[in-house]
Amino acid sequence: MRGFPEYFTIWHIAGHYALRGIAYLVLAFLIVPILVIIPLSLNAEPFFTFTKGMLALDPDAYSLRWYQAILTDQKWTLAIWNSFVIGIAAAILATVLGTIAAVGLASPWMPFKRVITALLLSPMIVPLIIIAAGMFFFYTTFGLVGTYPGLIIAHAALGVPFVIITVTATLTGFDQTLFSAGLSLGASPVKAFWDIVIPLIRPGVISGGLFAFVTSFDEVVLVLFLAGPEQRTIPRQMFSGLREQINPTILAVATLLVILSVALLVTLEFLRRRSERLRGSM
Amino acid sequence: MSTTVNVAARRGFLNAAVAFKKTGGARLNKHSGTDVFLEFDDVKKSYDQKSLVVKGFNIAVEQGEFITLLGPSGSGKTTVLMMLAGFESVTSGTIAIRGQSINKTAPYKRNIGMVFQNYALFPHMTVAENLGYPLGVRGMAKADQRKRISEYLDLVELGDFGNRYPGQLSGGQRQRVALARAMIFEPTLILMDEPLGALDKKLREQMQYEITRLHEQLGFTVMYVTHDQAEALSMSNRIAVFNDGIVQQCAAPAELYEKPANAFVAEFIGENNFIEGQVDRIEGKHAIVTIKGEGTITAEAAEGLVAGGRCVVSVRPEKLFIHPSTHAHDHDIKATFVARIYVGDFIRYYFRLADNKEIVVKVLNDLSAPEFGEGDVGRLQWLTSDCIAFPHSGEMPGVTG
Ligand SMILES: Nc1ncnc2c1ncn2[C@@H]1O[C@H](COP(=O)(O)OP(=O)(O)OP(=O)(O)O)[C@@H](O)[C@H]1O
Ligand SMILES: [Mg+2]
């Protein structure tokens with residue numbers, strides 16, 4: 001036990017422990033709802049509560065039947081497929097467009113920089129329901145409602161701000177003379193961009209892409225407005241699942257999503273460390 | 001360390017070589033036509049379309065020359081280099097290589113090597129990959145690339161460092177990689193913008209030697225920028241002294257030092273004393289100047305000097321001798337002793353002239369170094385050929401240093 005300074009009174013010490021207790025409490029409120037679904041998703045019974053058998057740690061009270069249910073239910077497999085297809089396509093689109101926008105905005109000769117930045121970042125600030133309603137009416141004119149391209153474009157628009165923010169952050173540390181050096185060595189501007197700029201801002205590009213993917217992956221408002229039955233994604237399916245068939249299938253899906261999120265977070269952290277290493281070395 | 005000895009010996013040799021080349025300097029100034037490699041013809045540059053940063057830059061450079069742009073901060077040296085490299089546009093005038101204007105050539109098509117002040121090595125590539133980059137861009141076969149890379153790594157004495165990343169090298173090693181990368185695609189012209197600015201004194205001297213060695217060995221043309229005049233004097237064939245967007249003088253180092261074209265160059269290069277006076281008359285190449293309280297002295301007349309006008313006479317501290325001395329002299333003036341500063345290999349004496357201006361004398365620290373007491377009056381002597389009279393231009397410097 002680390003000792004307290006000698007001038008500490010009993011109240012100091014009480015305050016110290018109180019602060020610590022509150023911090024743990026906040027952490028618990030954030031984490032427990034997420035953690036609790038993991039054992040519940042293994043429930044052998046179709047309930048949302050811990051059964052007696054589960055509390056007694058009886059192996060028969062646990063099962064993987066809800067995971068099996070996901071894989072055999074055609075609605076769920078379609079939703080998973082849709083989520084990945086739409087998420088990945090939207091992330092790629094958002095990453096390409098967002099990176100180009102960030103590079104353009106980093107140029108000292110770019111006019112109206114602030115206005116354009118604000119415009120591009122607005123999907124992060126404007127309430128989703130407003131964007132969704134606007135897109136619904138706008139996309140109807142082009143026949144994009146209820147189609148994959150429609151949903152992909154809509155989700156890409158939500159993902160672009162994340163890419164711009166992460167790529168801009170890596171670009172501020174980028175030394176422009178490296179690009180000039182590439183030109184002076186005979187590389188065309190496009191080649192120099194690919195060989196020199198992209199590798200150095202890659203961590204920002206990738207983490208922006210991951211953010212864009214996650215944004216699309218757990219987005220439900222736009223999907224409610226724009227998707228037809230063919231384009232139901234996982235969150236949309238969970239939404240209707242809550243109303244139609246209350247059973248731990250949803251918890252099993254949620255558990256899978258938690259695992260995916262953790263994997264993405266770990267990837268992001270790894271990328272951040274790597275970019276710090278690269279930059280710290282020069 | 002044997003390298004340091006080598007460097008010193010080498011630099012002594014170079015200074016001699018540079019002095020030898022001096023006679024050719026005047027000819028190189030002219031637009032001589034046939035053997036001109038690089039030419040700036042009345043090049044002007046303005047960033048804001050209002051004021052000119054470079055106001056009419058002219059120079060004709062021969063193949064294989066080492067040209068240095070020397071000047072105070074903000075005088076437009078980097079701007080000139082950037083226009084040559086193609087990173088800045090030319091406002092008016094032409095830059096030509098072998099008689100062909102390159103004003104409209106894209107930077108990546110100019111085939112000009114460039115060494116950046118901060119090295120600009122690609123941090124995500126190894127040293128070998130950095131060197132291979134310009135070769136790969138030019139479509140050289142991998143096997144040939146490897147051969148060329150190891151050849152150039154040996155040239156800059158970094159044979160074992162091919163697999164390191166730039167972040168794992170010392171400052172001097174990075175600088176050598178940057179140099180090798182600028183040379184490896186065999187450009188005929190290499191630009192260097194204060195390439196040694198970030199290095200400490202010892203490393204800088206070593207790199208100065210390296211650059212001169214490679215320049216002589218490989219025969220490329222160099223356009224070099226620095227504001228370190230010792231560096232400029234020891235490395236260059238010719239130096240263009242820049243001030244205020246204008247070349248004040250472009251000449252070989254020795255000529256620049258011995259025959260400065262104007263008071264700015266006289267003050268900027270080395271240390272100088274300036275004595276104010278009035279031009280009495282001009283006789284051929286000489287001016288007869290009246291100095292306050294001393295009568296008249298004869299000095300070499302610089303361009304633009306008019307009889308009856310005010311002038312300053314420059315004399316270098318090491319060209320002044322304190323009476324009694326065995327050196328020949330043409331002039332002999334009285335001066336009041338102020339201070340004596342011991343520097344080691346020489347001693348600096350400060351005197352005051354009749355007009356209260358201070359004057360410095362540098363005396364070799366040997367047995368003849370005289371002793372003075374405060375307020376003693378001594379006599380300073382020098383040769384007519386060691387002093388130049390320049391037209392007086394408003395504010396004149398007193399003692400520089
Ligand atoms: N991109 C730019 N836009 C506007 N003005 C510029 C720009 N680059 C340089 N200048 C101005 O042009 C002048 C010359 O600059 P330059 O960089 O050529 O000087 P320099 O001789 O290289 O100085 P230093 O020795 O400090 O490097 C300076 O007054 C500078 O403020
Ligand atoms: Mg500069």
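Naming: A, B, ... by sequence-line order, numbering from 1 per chain.
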Supply the atom-to-atom distance A/Ser184 OG to B/Phe116 CZ, rounded to the nearest 0.5 angstrom. 4.5 Å
If you count the non-hydrogen atoms of other residues, nucleotides and ligands that lie under 6.0 Å from NZ in B/Lys147, is the total more than 12? no
In this structure, are over 12 heavy atoms from other groups packed under 6.0 Å from A/Phe211 atom CZ? no
Please give me the minimum heavy-atom distance between A/Leu178 and B/Leu121, naming the atom from each residue. CD2-O, 3.2 Å
Are side-chain heavy atoms of A/Leu185 and B/Val137 found at a separation under 4.5 Å? no
Taking atom CZ of B/Phe87 and atom OG1 of A/Thr177, what is their separation to the nearest 0.5 Å? 9.5 Å
List the atom of B/Tyr133, the atom of A/Ala187, and the distance in Å for their closest heavy-atom pair. OH-CB, 3.4 Å
State, with a plain yes or no, whether a side-chain heavy atom of B/Phe122 is found less than 4.5 Å away from one of A/Asp195. no
May I ask you to check whether over 12 heavy atoms, not counting those of A/Phe138, lie within 6.0 Å of atom CZ? no
Just wondering, more than 12 heavy atoms not from B/Gln217 lying within 6.0 Å of its CD? yes
Which atoms of B/Arg110 approach chain A - backbone, side chain, both or neither, heavy atom under 4.5 Å: neither
More than 12 heavy atoms of other residues, nucleotides or ligands under 6.0 Å from CG of B/Asn163: yes or no? no
